[in-house]
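The sequence lines fix the lettering, A, B, ..., with proteins before strands; numbering per chain opens at 1.
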Amino acid sequence: MAYNFKEIEKKWQEKWYSEGTFNAKNDYSMKKWYGLIEFPYPSGQGLHVGHPRSYTALDVIARKRRMQGYNVLFPIGFDAFGLPAENYAIKNHIHPKITTEKNINHFRAQLKSLGFSFDWSREVNTTDPDYYKWTQWIFIQLYKHGLAYKATMPINFCTGCKVGLANEEVVNGVCERCGSPVVQKEKSQWMLKITEYAQRLIDDLDDVDYLDKIKAQQRNWIGRSEGAEVTFKIADSDETLTVYTTRPDTLFGATYMVVAPEHHIIEKLSSKITNMDEVEEYKRKTSLKSDFERSELNKEKTGCEVKGIKAINPLTGKEIPIWISDYVLITYGTGAIMAVPAHDTRDHEFATKFNLPIVQVIKANSDDIACDVQKEAFTDVETGVLINSGFLNDLSVKDAKKKVIEYLEENHIGKKQVNYKLRDWVFSRQRYWGEPIPMVHCDKCGWVPIPEDELPLKLPDIKDYEPGENGESPLAKHTEWVNTTCPHCGGKATRETDTMPQWAGSSWYYLRYMDPHNDKALASKEALEYWSPVDWYNGGMEHTTLHLLYSRFWHKFLYDIGVVPTKEPYQKRTSHGMILGSNGEKMSKSKGNVVNPDEVVDEFGADSFRVYEMFMGPFDQTAPWSMESIRGCSKFLDRVWNLQTMLVDGDEYSPKFEKMMHRAIKKVSSDIEEMKFNTCISTFMTMVNEFYKEKTINKAEFKTFIQLLNPFAPHITEELNKSVLGEKEDLAYQKWPEYDEAKTISDEITLPIQFNGKLKGTVQIALDEDEASVKQKVHEAIDQKLEGKTVVKEIYVKNKIYNIVVK
RNA sequence: GCAGAUGUGGCGGAAUUGGUAGACGCACAGGACUUAAAAUCCUGCGAGGGUUAAACCUCGUGCCGGUUCGAUUCCGGCCAUCUGCACCA
């Protein structure tokens, strides 16, 4: 007898969502739990089967928390600004607002069909002016506190379409749409000073419960390094060139310098440079490459000597040549390096190619370690000792670093410097479908934020979303919107026409959920105090270095200005693995391996879908989709449904199942906390197999079983609770089952016996049986196999194993 | 290239974190039920050898080496795959 999931699931969903069963309560005296999933971008393709993996996982936890008596906030919303909607609009001439609304309606219906316990009364949408009013408000606060500034930054510029492109739209250096070459074009952009928070973003990781791999990736991305800045004089000039190095100890070995092709020194000294044509040509070639291509190590090094100018090594006093090369990035450090080919792999490669001198200044402290620096750079920091380095000779690398920095500081030619790989956040987009940046430019007053009581600055309703000429935003064409008056002096002024990146809205959405309809503040003080921080945030590993870091940055800023009560937004962060197509590749239309969740729900039901996604593999690892395997989960739920045919009376667990029941409660309770959902499901399956084997289950066992299963398969279990057990109260808020530790422990143990670590037999012993007695039993069981062997040693690990070392 | 992860039967995976490798599921095979099929229920299922059947023996967790009474688990070195790299979200 199969259960009618179509009817049953629909019935419960209608009840839940019309009654608001799962809405958070406004009773701030209750203990709270705030669970968060990354709100989706409502794409035209609809929900991906990957979305429900994360949502089901946190839904399971949220449902368990309600049963544990928490006031649960488990909200949902839509991150709806973005490129795809805009590109669709350009192609099909449908306003992004319309497609976005349509897509959200589709997503909402899909999400409801899966029975997630979201609080739909708090739904947010980043494109709603009532929402982005506060995104703009935060930007203005950032500006007022000096954390938003204008800088000239390169954008990808398509030489064919004459428009700015996102990185994603650049494929192998050409425009995705027209195939024309893409170049880097300088443009004045809004930047956010995330680097000001770099140290705190590292330090405060100690106070949060993130997976270690997430912390590691954030730390590496921020990339703190300690070193020195050293200033090199340019011969016959007042100009200087400052470099950043993590190896100031090798300064005596600096035989040339390399600057990024964009470095300002080139312009400043252009009159002295004798091969400007060559330099310009190299710069032009570089502008075709991304930073990513430029930093690839295995590619052949390229470069060009800047002739006519020389730098002076401040320690040796020698003149050294200056080169430009694209492996030096303008965005890191000072955009210039001192090259020590003897002790840096990249410098060595470069020096070898262009025949530059290699001077050894460090040797190994042991003759056993080979180091022919003409052949290969010697980079070992631990075993190195300084040579050919004047006052640094015979020091270890560590001591030499210290001493040379002291020297540099005393002589005002350098200083100790901490550097971060993290760069400031380019916050401007030359696009239509984003939050307008609420700034006005006045010739007299400069940049002026619009008054806060005029927020939101609404995105004008335009029809031509085509990017403007020369990489301008589409908004730039709408002069009636652009031209305005200066809020400061009342004179003529123009609006900023760039919009914000999609990251803006998602950097603070978790705050809005706490009080989504507030029109006086982004959320009330009381709501922020009660709900902060998010207790558990789950999302993809791919968001670790961008979204997660950006939102931590914004949160810390809001903390600094007294808006939020906690230093960190998220107390705990976990991640889910991607779901791949059945061929083990990423799902994509072109590969034809996309699974539509609607079809799966239609064929197997929401509960089967949810159980399968939890069962398919370890939660934080990628897993391929399998239509065959989901059938197994659907079969499992049929077997659960049919347990009712073997149901007997009983208020307590029967002796034959008692241990299994207590163990199951213990295991499922802790596995959910550890996100080991796959082993929860296998526990349920094993239990059902046991009930089938005995062809009986009593009411007490049945009740506990459906309670444990409820967070995973809420519809079928609520139905069984009502129709079979006749309960009036839904499972959703019933108390989570408890177990008795004493009843999970066996008093008898099957003890494995090994010879040299290999299993040779087993023996039954009592729990904590004394060793002499165990030894006797083991030898009774195994002695015949010991014939002809010499016992060297016997090892007994209490209640675990008995190993006999034999010869 | 840099950074983070992963590698166990035909397949997805489990293993109390150093202690019986392969739980649970899929696929497959056999049986029961049925006129029959589907569904359902029951049984078997790492490889090789061995036995009428068992017992039993050997090998086996990407590869090479190490530590240990004992290694999927710890250490060193390789190889392969996946994810991110700042304007996709």
Side-chain angles (χ1 to χ4, degrees), chain A residues 1-2 38 40-41 43 79 81-84 153 155-156 164-170 189 194 212-214 216-217 219-221 223 290-299 327 331 346 421-431 501-503 506 540-547 549-550 575 577-578 580 584-586 612 615-618 620-633 635-636 638-639 642 667 676 678-679 681-686 689 692-693 750-762 785 792-795 797 800-806:
Chain A
M1 169 171 65
E38 287 169 343
Y41 173 75
S43 78
D79 189 15
F81 275 129
L83 212 53
M153 294 297 291
I155 59 164
N156 298 310
L165 297 178
N167 284 349
E168 197 193 40
E169 299 171 296
V170 183
Q189 313 232 53
I194 188 171
D212 285 342
K213 61 178 176 181
I214 295 174
Q217 233 175 60
R219 285 199 185 99
N220 290 334
W221 181 260
S290 65
D291 278 7
F292 176 46
E293 288 171 293
R294 285 171 56 170
S295 56
E296 265 185 315
L297 267 191
N298 57 352
K299 61 135 208 209
Y327 81 96
T331 46
R346 286 165 306 178
K421 279 195 194 128
L422 184 70
R423 312 204 293 253
D424 277 341
W425 176 4
V426 183
F427 200 68
S428 298
R429 299 291 183 272
Q430 296 72 44
R431 290 284 176 171
Q502 187 163 35
W503 309 109
S506 60
M541 240 3 237
E542 68 275 20
H543 290 117
T544 303
T545 52
L546 299 180
H547 159 66
L549 209 56
Y550 289 151
S575 78
M578 258 196 337
L580 305 172
E585 289 180 75
K586 206 169 168 173
Y612 173 62
F615 183 59
M616 65 196 303
D620 68 342
Q621 284 173 35
T622 55
W625 184 269
S626 161
M627 276 302 181
E628 284 76 48
S629 291
I630 193 172
R631 217 158 265 132
C633 294
K635 201 167 105 179
F636 160 68
D638 282 338
R639 279 162 73 83
N642 288 332
K667 180 155 179 62
K676 289 160 82 174
N678 51 338
T679 52
I681 306 295
S682 68
T683 301
F684 296 138
M685 287 171 167
T686 306
N689 290 348
Y692 269 66
K693 214 171 268 171
T750 305
L751 187 76
I753 306 167
Q754 299 179 329
F755 290 178
N756 301 336
K758 294 204 168 164
L759 183 73
K760 291 293 159 184
T762 59
K785 289 192 182 173
V792 180
K793 200 172 161 188
E794 296 184 31
I795 295 152
V797 182
K800 279 240 161 109
I801 202 141
Y802 200 100
N803 191 18
I804 303 172
V805 185
V806 296

Check your understanding: When the distance from CG of A:D424 to C1' of B:rA86 is rounded to whole Å, what number comes out?
Key -> 12 Å
N/O to N/O distances under 3.5 Å, protein versus nucleotides 37-45 of chain B:
unit_1	atom_1	unit_2	atom_2	d
B:rC41	OP1	A:R639	NH1	2.5

Practice item. Specify whether A:W625 and A:Y612 have parallel, tilted or perpendicular ring planes, treating 30° as the upper limit for parallel and 60° as the lower limit for perpendicular. Key: perpendicular
Check your understanding: How would you list, by chain and number, every residue that makes a salt bridge (charged side-chain N to carboxylate O under 4.0 Å, His left out) with A:R631, sequence neighbours excluded?
Key -> A:E603
Review point. Counting only distance, no hydrogens or angles, is the base of B:rC85 paired donor-acceptor with the side chain of A:E542 under 3.5 Å?
Key: no
Review point. When rounded to the nearest Å, what value does the distance between P atoms of B:rG60 and B:rG70 take?
Key: 15 Å
**Study point:** Nearest-Å distance once atom P is located in both B:rG22 and B:rA55
**Key:** 15 Å
Check your understanding: Across the strands shown, which category fits A:I155 at heavy-atom distances under 4.0 angstrom: base, sugar-phosphate, nothing?
Key -> base
**Study point:** Sugar-phosphate, base or nothing in reach of A:E38, heavy atoms under 4.0 Å
**Key:** nothing
Point to revise | Side-chain N,O (A:R423) to OP1/OP2 (B:rA86) below 4.0 Å | key: no
Exercise for review: Go through the structure and list residues passing salt bridge (charged side-chain N to carboxylate O under 4.0 Å, His left out) with A:K635, not counting sequence neighbours.
Suggested key: none
Review point. Roughly, in whole Å, what's the span from CD1 in A:I801 to P in B:rG18?
Key: 14 Å
Review point. Is the glycosidic angle of B:rG66 within 90° of 0, making it syn, or outside that range, making it anti?
Key: anti
Review point. Are the side chain of A:N803 and the backbone of A:N756 linked by a donor-acceptor contact shorter than 3.5 Å?
Key: yes
Revision key, fill the gap. Taking for A:T545 and for A:S682 the nucleotide of RNA chain B with the nearest heavy atom, the one nearer the 5' end belongs to A:S682
Study note, to complete from the structure: Sequence neighbours excluded, the answer for side chain to side chain donor-acceptor pair (under 3.5 Å) partners of A:E794 is A:H779, A:Y802
Exercise for review: Provide, to the nearest angstrom, the distance between the NZ atom belonging to A:K800 and the C1' atom belonging to B:rG18.
Suggested key: 9 Å
Practice item. Using the C1' atom on both, measure B:rG66 against B:rC2 and round to a whole Å. Key: 30 Å
Revision key, fill the gap. Rounded to whole Å, CH2 of A:W625 lies from C1' of B:rC26 at a distance of 14 Å
Exercise for review: Assign A:T679 to base, sugar-phosphate, or nothing according to its heavy-atom contacts below 4.0 angstrom with the strands shown.
Suggested key: sugar-phosphate
Check your understanding: Which part of the nucleic acid, if any, lies within contact of A:H547, taking any heavy atom under 4.0 Å across all strands shown: a base, the sugar-phosphate backbone alone, or nothing?
Key -> nothing
Review point. Of the non-hydrogen atoms in A:S506 and A:H547, which two are nearest, and what is the gap between them?
Key: O-CE1, 3.0 Å
Check your understanding: Using atom C1' of each nucleotide, how far apart are B:rG30 and B:rC45 to the nearest Å?
Key -> 11 Å
Exercise for review: Supply the atom-to-atom distance A:T683 OG1 to A:N678 CG, rounded to the nearest 0.5 angstrom.
Suggested key: 9.5 Å
Point to revise | Residues in salt bridge (charged side-chain N to carboxylate O under 4.0 Å, His left out) contact with A:K421, at least two apart in sequence or another chain | key: none
Check your understanding: Can you list the residues that meet the side chain to side chain contact (heavy atoms under 4.5 Å, CB included) rule with A:N689, with sequence neighbours excluded?
Key -> A:R639
Point to revise | Whole-Å P distance, B:rG4 and B:rC75 | key: 15 Å
Check your understanding: Of all residues at least two apart in sequence or in a different chain, which pass the side chain to side chain donor-acceptor pair (under 3.5 Å) check with A:S575?
Key -> none
Exercise for review: Provide, to the nearest angstrom, the distance between the CG atom belonging to A:L549 and the C1' atom belonging to B:rG84.
Suggested key: 13 Å
Review point. Which value, in whole Å, describes the distance between the P atoms of nucleotides B:rC82 and B:rA29?
Key: 33 Å
Check your understanding: Quick one: salt bridge (charged side-chain N to carboxylate O under 4.0 Å, His left out) partners of A:K676, sequence neighbours excluded?
Key -> A:E674
Practice item. For nucleotides B:rG7 and B:rA15, find the distance between their P atoms and express it as a whole number of Å. Key: 12 Å
Check your understanding: Rounded to the nearest Å, what distance is computed from the CZ atom of residue A:F755 to the C1' atom of nucleotide B:rC56?
Key -> 13 Å
Point to revise | Sugar-phosphate, base or nothing in reach of A:E628, heavy atoms under 4.0 Å | key: sugar-phosphate
**Study point:** Anti/syn call for B:rU17, syn if |chi| within 90°
**Key:** syn
Review point. Would you find a donor on one side and an acceptor on the other, under 3.5 Å apart, between the side chain of A:R431 and the backbone of A:S428?
Key: no
Exercise for review: For A:K760, answer base if it contacts any base atom (sugar-phosphate contacts may also be present), sugar-phosphate if it contacts only those atoms, and nothing otherwise; contact means non-hydrogen atoms under 4.0 Å.
Suggested key: sugar-phosphate
Check your understanding: Base, sugar-phosphate, or nothing for A:S43, non-hydrogen atoms under 4.0 angstrom?
Key -> nothing
Study note, to complete from the structure: note: A:K676, atom NZ; B:rA14, atom C1'; distance rounded to Å ~ 10 Å
Check your understanding: Once you round it to whole Å, what is the distance between P of B:rG25 and CE of A:M685?
Key -> 6 Å
Practice item. For RNA chain B, produce a single dot-bracket line, 5' to 3'. Pairs: Watson-Crick or G-U wobble, both distances under 3.5 Å. Symbols: ( ) within strand, [ ] crossing, | other strand, . unpaired. Key: (((((((..(((......[....))).(((((.......))))).((((......))))..(((((..]....))))))))))))....
Check your understanding: Heavy atoms under 4.0 Å, any strand shown: does A:S506 hit a base, just sugar-phosphate, or nothing?
Key -> nothing
Output a table of nitrogen or oxygen pairs between the protein and nucleotides 68-70 of chain B separated by less than 3.5 Å.
unit_1	atom_1	unit_2	atom_2	d
B:rC69	O2'	A:N803	ND2	3.4
B:rC69	O2	A:N803	ND2	2.3

Check your understanding: Distance between the C1' atoms of B:rG13 and B:rA23, in whole angstroms?
Key -> 10 Å
Check your understanding: Nucleotide by nucleotide, 5' to 3', does protein get under 4.0 Å of the base (B), only the sugar-phosphate (S), or neither (-) in nucleotides 3-13 of chain B, counting heavy atoms?
Key -> SSSS-----BS
Check your understanding: Quick check, are the ring centers of A:W503 and A:F81 under 6.0 angstrom apart?
Key -> no
Study note, to complete from the structure: Across all chains, not counting sequence neighbours, the ring-ring contact (aromatic ring centres under 6.0 Å, His included) partners of A:F615 are none
Review point. Base, sugar-phosphate alone, or nothing: which one does A:E585 contact when heavy atoms must sit under 4.0 Å apart?
Key: nothing
